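One structure is given below, encoded as structure tokens.
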Amino acid sequence: MVQTIQAQPAPPPQAEPEVVKSLRDHGALPQWRLMWRQFRRHKLALIGLIVLVPIYFIAVFSGFFAPAASDSAHTALPYAPPQRVHFSSEHGLFVYGYSSTRDQETFEQTFTVDKNKIVDVGLFVRGDEYKILGLIPSDIHLIGPVKAGDPFFLLGADQSGRDLLSRLIHGARVSLSIGLVGVLAASVLGLLIGGISGYLGGPIDNAIQRVIEFIMSIPTLPLWMALSASLPDSWGPLTRYFAITVILSLIGWTGLARDVRGRFLSLREEDFVMAARLDGVSRGGIIFGHMVPSFASHIIATVSMAVPTMILGETSLSFLGLGLQAPAVSWGVLLEGAQNIRAVATAPWLLAPGLAVVVVVLAMNFVGDGLRDAADPYK
């Protein structure tokens with residue numbers, strides 16, 4: 001008697017765990033591709049990046065994008081209001097000029113639009129001379145008056161009759177670069193001191209941590225003010241620029257040093273570090289060749305979050321008159337001219353640099369949040 005055995009149906013495949021699926025799908029991709037894929041999921045970070053890229057591009061080529069030089073002034077037009085760009089078949093792009101009257105009692109100057117005065121506006125026009133990247137001389141501007149020297153104030157004028165839009169663009173080069181340079185210097189200090197503290201440990205670690213705690217216990221703004229006030233008044237704008245950068249760097253490294261120390265304490269007993277020691281690799285090679293690259297993504301995220309702090313620091317010092325000073329142009333220097341309540345009441349466009357600071361800082365914070373989320377692409 002033959003007994004037939006029926007084949008049992010195969011069990012349904014089990015759902016693949018999300019972590020295994022992520023490793024299978026993305027494991028072959030390089031780290032930067034994984035970070036970029038995770039970064040793109042952060043919508044606000046993408047918006048921040050889209051905002052920052054053109055702003056930095058304009059800042060690098062500020063001479064081309066600014067309609068005039070930062071010191072070009074129309075002394076007869078202080079606090080002139082913004083002009084609207086018009087278009088007609090006869091003139092093309094143009095703006096109307098001003099007519100002004102002065103109150104005999106208060107001496108306040110009032111501007112009105114004079115349609116009999118037409119200022120022709122063009123693209124790629126010749127105007128004030130500048131140097132591209134500080135090297136190549138040029139006088140071509142993206143937009144400006146066809147006749148060089150005519151008043152052209154898209155964002156209005158300041159107390160000296162200087163175009164606020166041009167000064168805002170020129171100031172972006174200083175304010176945005178001082179944030180990057182300051183963070184770069186602070187990052188070097190933070191990596192070096194935090195790495196030494198976390199790798200060596202012991203009395204050296206205790207001494208470094210006590211110094212960090214002392215610096216972090218001092219209120220930031222009073223410390224900035226004290227160090228900035230100690231700078232000689234005889235220093236020029238360029239020297240003062242580098243001095244302010246050094247001041248911001250000397251204070252901004254402590255947070256990164258703490259993060260690096262904590263990472264080093266957890267990594268120094270790992271197998272790959274022990275293997276490097278047995279292989280005869282020097283301490284510097286272990287720190288910068290093995291340990292730092294293992295958490296480079298975290299460092300990038302931390303550094304990106306520190307740039308807005310540097311920009312706000314420079315803006316605050318310059319606003320208080322302790323940072324960069326005229327003839328240097330930065331957003332903080334421009335905001336210093338908005339301290340006069342009467343001037344702001346009659347010329348609210350002087351607050352435009354403050355709006356620029358808010359937009360850039362928000363965008364940088366969004367990008368920093370995206371980089372922080374992308375630092376661990378497998379989460």
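Remember, predicted model here, so these are calculated numbers, not experimental data.
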Full working for side chain to side chain contact (heavy atoms under 4.5 Å, CB included) between F61 and I132: CA-CA 7 Å; F61 300 99; I132 302 174; 4.0 Å; yes
Full working for side chain to side chain contact (heavy atoms under 4.5 Å, CB included) between V125 and I140: CA-CA 6 Å; V125 297; I140 303 298; over 6 Å; no
If you compare all heavy atoms of [X] against all heavy atoms of [Y], which two are closest, and at what distance to 0.1 Å?
{"X": "L164", "Y": "A352", "answer": "CD2-CB, 4.2 Å"}
{"X": "W349", "Y": "P81", "answer": "CH2-CA, 3.5 Å"}
{"X": "I196", "Y": "I204", "answer": "CG2-CG2, 4.2 Å"}
{"X": "A257", "Y": "I212", "answer": "CB-CD1, 3.9 Å"}
{"X": "S249", "Y": "A185", "answer": "OG-CB, 3.3 Å"}
{"X": "S99", "Y": "D114", "answer": "OG-OD2, 2.8 Å"}

What's the spacing between [X] [atom1] and [Y] [atom2] if we round to 0.5 Å?
{"X": "I55", "Y": "I169", "atom1": "CD1", "atom2": "CD1", "result": "11.0 Å"}
{"X": "L267", "Y": "Y199", "atom1": "CG", "atom2": "OH", "result": "11.5 Å"}
{"X": "S330", "Y": "L168", "atom1": "OG", "atom2": "CG", "result": "11.0 Å"}
{"X": "I286", "Y": "F264", "atom1": "CD1", "atom2": "CZ", "result": "10.5 Å"}
{"X": "L184", "Y": "M310", "atom1": "CG", "atom2": "CE", "result": "10.0 Å"}
{"X": "I193", "Y": "T254", "atom1": "CD1", "atom2": "OG1", "result": "9.5 Å"}

pair [X]-[Y]: side-chain heavy atoms closer than 4.5 Å:
{"X": "R258", "Y": "E213", "answer": "yes"}
{"X": "I47", "Y": "F366", "answer": "no"}
{"X": "D128", "Y": "D139", "answer": "no"}
{"X": "K131", "Y": "I136", "answer": "no"}
{"X": "V359", "Y": "V51", "answer": "yes"}
{"X": "P78", "Y": "Q159", "answer": "no"}

E270: partners by salt bridge (charged side-chain N to carboxylate O under 4.0 Å, His left out), with sequence neighbours left out: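 Once residues adjacent in sequence are excluded, E270 has no partner under the salt bridge (charged side-chain N to carboxylate O under 4.0 Å, His left out) criterion.
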Determine, using the 4.5 Å side-chain heavy-atom cutoff (strictly less than), whether [X] and [Y] are members of one ILVMFWY cluster.
{"X": "L93", "Y": "V95", "value": "yes"}
{"X": "V146", "Y": "I143", "value": "no"}
{"X": "V113", "Y": "V121", "value": "no"}
{"X": "L77", "Y": "I118", "value": "no"}
{"X": "M364", "Y": "F57", "value": "yes"}

Residue R210 excluded, over 12 heavy atoms near CZ under 6.0 Å: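 Enclosed: over 12 neighbouring heavy atoms sit under 6.0 Å from CZ of R210.
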Atom CZ of R126 with >12 non-hydrogen neighbours under 6.0 angstrom: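 Not more than 12 within 6.0 Å, no.
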Working for salt bridge (Lys or Arg N to Asp or Glu O under 4.0 Å), residues K147 and D120: CA-CA 7 Å; K147 182 181 178 181; D120 293 323; over 6 Å; no
Set of residues satisfying ring pair (Phe, Tyr, Trp, His ring centres under 6.0 Å) with respect to [X], sequence neighbours excluded:
{"X": "H42", "result": "none"}
{"X": "Y79", "result": "none"}
{"X": "F152", "result": "none"}

By side chain to side chain contact (heavy atoms under 4.5 Å, CB included) - contacts of A73 (at least two apart):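 Applying side chain to side chain contact (heavy atoms under 4.5 Å, CB included) to A73 gives R162.
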Residues which pass side chain to side chain contact (heavy atoms under 4.5 Å, CB included) with D71, listed by chain and number, not counting sequence neighbours: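 Counting only residues at least two positions away or on another chain, D71 forms a side chain to side chain contact (heavy atoms under 4.5 Å, CB included) with A69.
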Output field: ring centroids Y96/F94 closer than 6.0 Å: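 Centroid separation for Y96 and F94: below 6.0 Å.
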Check: Y130 ring centre within less than 6.0 Å of H141 ring centre: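 That pair passes the under 6.0 Å test.
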[X] side chain to [Y] backbone, donor-acceptor under 3.5 Å:
{"X": "K117", "Y": "Y98", "value": "yes"}
{"X": "S177", "Y": "R173", "value": "yes"}
{"X": "Q83", "Y": "F153", "value": "yes"}
{"X": "W331", "Y": "G354", "value": "no"}
{"X": "S166", "Y": "A68", "value": "yes"}
{"X": "S70", "Y": "R167", "value": "no"}
{"X": "S217", "Y": "F214", "value": "yes"}
{"X": "N365", "Y": "V361", "value": "yes"}

Q209-S197 side chain donor-acceptor pair, cut-off 3.5 Å: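 A donor-acceptor contact under 3.5 Å links the two side chains.
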Derivation and outcome, side chain to side chain contact (heavy atoms under 4.5 Å, CB included), residues L351 and L355: CA-CA 7 Å; L351 296 176; L355 179 62; over 6 Å; no
Evaluation steps, side chain to side chain contact (heavy atoms under 4.5 Å, CB included), between W253 and V188: CA-CA 8 Å; W253 62 270; V188 173; over 6 Å; no
